[in-house]
Amino acid sequence: MPYRERVPEFQAIIMAGYGNGLYPLTEENNMPKALLPIVNQPMISYQLSWLESSGVHDVIVVSLKSGSDKLGHYLKKVYEGPLRISIEIVDDNTGTADALASIKDKIKTDFLVISCDLMTDLIPHQFLDMHRSEDPTVTALFFEPSKGEGGPSGSSKVKDVTQYIGVDASNSQLVYLNNADSMAEDEFSLRISLLNKHPVMNISRLLQDGHLYVFKRWVVDLISVVSQKRTMASLKEHVLPLLVKSQYQKVLADREGVTKAVKASMAAHPNTQKLALSLSTTQPIATEEEGNGEDSDEDEQTGEWKSPVHCKAFVLPKEIYCGRANTIPNYFEVNRYYTKTTDKVRNPGASSQVQTQVGADSLIGDDTKLGERSSVKKSTLGSHITIGKNVKIVNSIIMDHAILEDNVKVEGCIICAGSKICEKSTLKDCEVGGGFRVEKETTARNEQLVDFQEQ
Amino acid sequence: MPPKEKVESSEQVLQAVILADSFDERFQPITLETARCLLPLCNVPLISYTFEFLAVAGVQEIFVFCCSHSDKVKQFVKQYGKQSNMKIHTIVSQECYSVGDAMRELDAKQLIDTDFILVTGDVVSNMKLDKVLDEHRARRQADKSAIMTMVLKKASPQHRSRSVGDGALFVLDQASKECLHYQPVKAFKSSRQDRRMTMDMEIFDKHPEVQIRNDLIDCQIDICSVEVPALFTENFDYQDIRTDFVHGILTSDLLGKTIHFQEVTDVYAARVRSTQMYDAVSKDIISRWTFPMVPDSNLQAGDCYEFRRGLVYKEKSVVLSRTCVVEEKVVIGANTQIAERSVLSNCVIGKNCVIGANVKIDNAYIWDNVTIMDDCVVQHSIIANGVVLEKGVTVEKGCLISFNVKVGAGSTVPAYSRLTALPEDEDDSEAELESEQAIVGATGRGRTFREAEGSDDEDDEVDPRNKLVNRLAYDFSALELDQAQQELASGSEFESEASDLEEDEVNPAEDLDREVTQTLERAFKENHTVDIAALELNTLRMASNSSFHEMRKRIIPSVLKHMDVTAPVKSGKAVKDVLDKWGPLIGRMVHDKDDQIDGLYILQRASAALAPGTSSKVFAPSLRYFYDADILEEDAILIWYHSEKSQEGSEEEKKLRALAAPMIAFLEQSDSEDESEEESEEESEEESDEE
């Protein structure tokens, strides 16, 4: 098919963060989060192929300084897809909104923000079509995490803050968003005027923010305003809640610069914005304050305020898989799911091995050698791994170039690249850092085995 | 304790309980003379619709629970029972004042031994209950604690068959069909509490996904288990089945019972709860939404309506003159005569009525044996049996004219009147009716009905408008006419509505703002003494843990705003009057010198914020007053005047400062020599004249 030069519909921005929840996997001596393998493929390759199938061509990968070399290398040298990728590096300890604000000038169209740890079977156009047809300010993906089957719990007990998410059942407008920690402890409270506009509202606290958003172009101006006002401004915690509230609260919208940002973009692109507003199904809010009259805005002349903001929630149907590999248990879970469903050859070197057992729910990378009488169950093994005799691997992830000597037993572990586990060790629910050497006959449980000198 | 249960109910007789009384007074004065459930709705007594609905649902035995006018209900039921397959019993209890009392009575009598349908005597519905009953029974089989199933009908929040002001929010779990939270919604939400839906966070522990519904009409059709009456007995303070019982069960950890719901769509269900609903439901019946319960199905024995084009229903024996016009949506009962050139539209006319020539009837409900003479106009009203409107009477919208009232020739019944022919003193049967000739005319018979004092204590509404919204032909503009109430509204509601916008970020300062404003308004309006107002404000101050500065910041502007300076002349007097009364209150908030200086800044800013042109009229006299009253001392005024802060600010503020110059000059002078006060007073008055 001939390629036609055209104005791109969306730009995509992949946020390749540090992955605090994945320590010690994301230590310097292993690899950045975006490159952590999921079924022996770097995580980011999943988002890239997702974007390929969505038809988006222009991709900006925002990476933190640490790990940007490895990531840059992967994107430039290893990745072979059709996407036009540029990499932007921001300082460590930058919030997601800050990061976007810093690349503000590079964003020319409506843009898609995706986190590098989002793994989903969702077909891109299902999600994007909602944005295309309804033309909201933002469309955000929400999913209900599947229940884990157990595994290493991980050191960092970074539990996602429970969010209360209110979605209008009739038009999936995102109406309410609140974090549990910012709410009164024993009472849940909503304005009734909101319920008059949205008579059927589903409130859930099971849903999680999928960190996949499509924003209108002007939101980037708002994001830079927000990021100036705060340190560590985050999309999820600051920008999205602000947009949701601005659907109803004129005062807030004015104060926080939402109205200004819309007006500025309306001035720049009068046609599209007018269309956007006319399509908006947000019902007008009855503001009876005095003092609104000065602005000679069309809507205000009629005495009603029509919010320029309109948020949509795409709630993923339960049968479509979605997971975020943002913590160790989640990473484990995502890996397990993809190991089960992948159509890769499960054990390429099977013919050369004798008396080994590899379960059908496991996957073994190229050039990995299994010694005699070894067995692998429910696990994902990378490439170039050397496994000795009589090794038992259950429910684990072993990354490239690791060495497991004879009689090692590993259950529920993540073993990072280049580490070595000496003979007769028994590890259960452990994470072994990159290049770490586990001495022989070690018995460990629920531990993180890492080199400390780098800290 | 409930009796032992027999869950296997398919063999059992399906029972229903009708609460024939509504336990409210919305139809007074008409209900002083007959039972609520016997009011004719499209010429058929209300309770007939309920009987019909239950018969379709397969109910075999009905208990009609009645209190007021029980003899009439009994008689009607006896008559009705003759032609019905259902066994209908009446239970009479004069001691009942609420649904709760009725349920306790029911429990005491032990008449019910299985799951039953509980409805009120004013339900009009064409829904089939079989599915609801099946689901309820299945649920009961699985879980004994599911004691009740409410039938809720889906309709938009502004649906016409929704009773204004009787709405409610439901929080539901769609998976388990459980109702988790119930909250009634008022039409006018005067307090913050009214404007928010608030529920217990714990609900999320059991039900992480809930649905909040504001689009359900609650017709109070409930499938109850035998435990329900027993629970009413246990909790003897439960009165209303929704606000007390449902709420109580849902919030109680001890009882461990659950209440479920069944959502129905595409059927008709409504309750004639108020005159406004009477109007809406009548129209729905005429428009055939309630099919098969429409006039031409002749629910009542002996009726013989025929259905004609344009939603007109007419008995065979009706006599229509050649030139009368029967427009759309009209029901005309047997033996009624309508004379020349009369125009009828959107109305129901009962049996044996005589309607004269040139009469206009629109949107009205005219019951049996009514005589309307020539040239009358009747709009949007209910006119009960036996009323006589003499020649040329005009009945404006929203009137209820009770039995046998006679309105004399040429008089006009003002909008929203309620007329009765009963003597004032109800207890004294000998008492003669004193007709109010101003309304019913010289030849009339009847008086304006006044509600008994304290009649609304069952639902102690803060906002009187919440009662009015249920009235027939109610509209917002009608309420706006009510000057006193409007004032009340403009103060409290708009203020709080504005702050409502920001409510998600709960701001204690705003709370205080609102509270102070309301307290002051109350004080101004009800003319409290300064002592009382100061006490209230001090309490507020302590409750909100704020400083005197915060209080001054709010009180001074409020007091200034209270001054009526718009009057062209004598505005100085208005200012003085207000200050004489409320100045001391400000004095209570000012203690030492720093306070005084602070107060001056606030006074300066607040005056500047007033309407242009009035600020100087307020500022100078106020300053003078505070000085005279020793609230502000000389030193403080001087410090304020010379401080930089007073010289900054807007133009208006600077102008005000300049106004104080003569006084300052006087003060500085008086340090050395004592001058007479008159002079400076003249000066300051000259200043204000310049404006």
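Every chain is numbered from 1 and lettered A, B, ... according to where its sequence line falls, protein lines coming before strand lines. Keep in mind that this is a model prediction, so the values were computed, not measured.
We find the OG-CZ distance between Ser193(A) and Arg196(B) to be 8.5 Å, quoted to the nearest 0.5 Å. Rounded to the nearest 0.5 angstrom, Glu209(B) CD and Glu144(A) CD are separated by 5.0 Å. Leu194(A) CG to Met197(B) CE: the interatomic distance, rounded to the nearest 0.5 Å, is 10.5 Å. Note that CE of Met199(B) is 7.0 Å distant from CD1 of Ile203(A), once rounded to the nearest 0.5 Å.
For Asn214(B) against Leu195(A), the heavy-atom pair with the smallest separation is ND2-O, 3.1 Å. Contact record, Met201(B) with Phe188(A): SD-CB, 3.8 Å, taken as the closest heavy-atom pair. In plain terms, the two heavy atoms of Gln183(B) and Ile192(A) that are nearest each other are NE2-CD1, 4.2 Å.
Considering only heavy-atom pairs separated by less than 4.5 Å from chain A, the leading option among Asp205(B), Leu216(B), Ile203(B) is Asp205(B).
Arg213(B) contributes no side-chain N or O that, together with a main-chain N or O of Pro199(A), makes up a donor-acceptor pair within less than 3.5 Å.
Atom NZ of Lys260(A) has 12 or fewer heavy atoms from other residues, nucleotides or ligands within 6.0 Å. More than 12 heavy atoms of other residues, nucleotides or ligands lie within 6.0 Å of NZ in Lys229(A), so this atom counts as buried by the packing criterion.
At a 4.5 Å heavy-atom cutoff, the contact between Ile212(B) and chain A is made by backbone and side-chain atoms alike.
Among residues two or more places apart in sequence or in another chain, the side chain to side chain donor-acceptor pair (under 3.5 Å) test is passed with Thr258(B) by His260(B).
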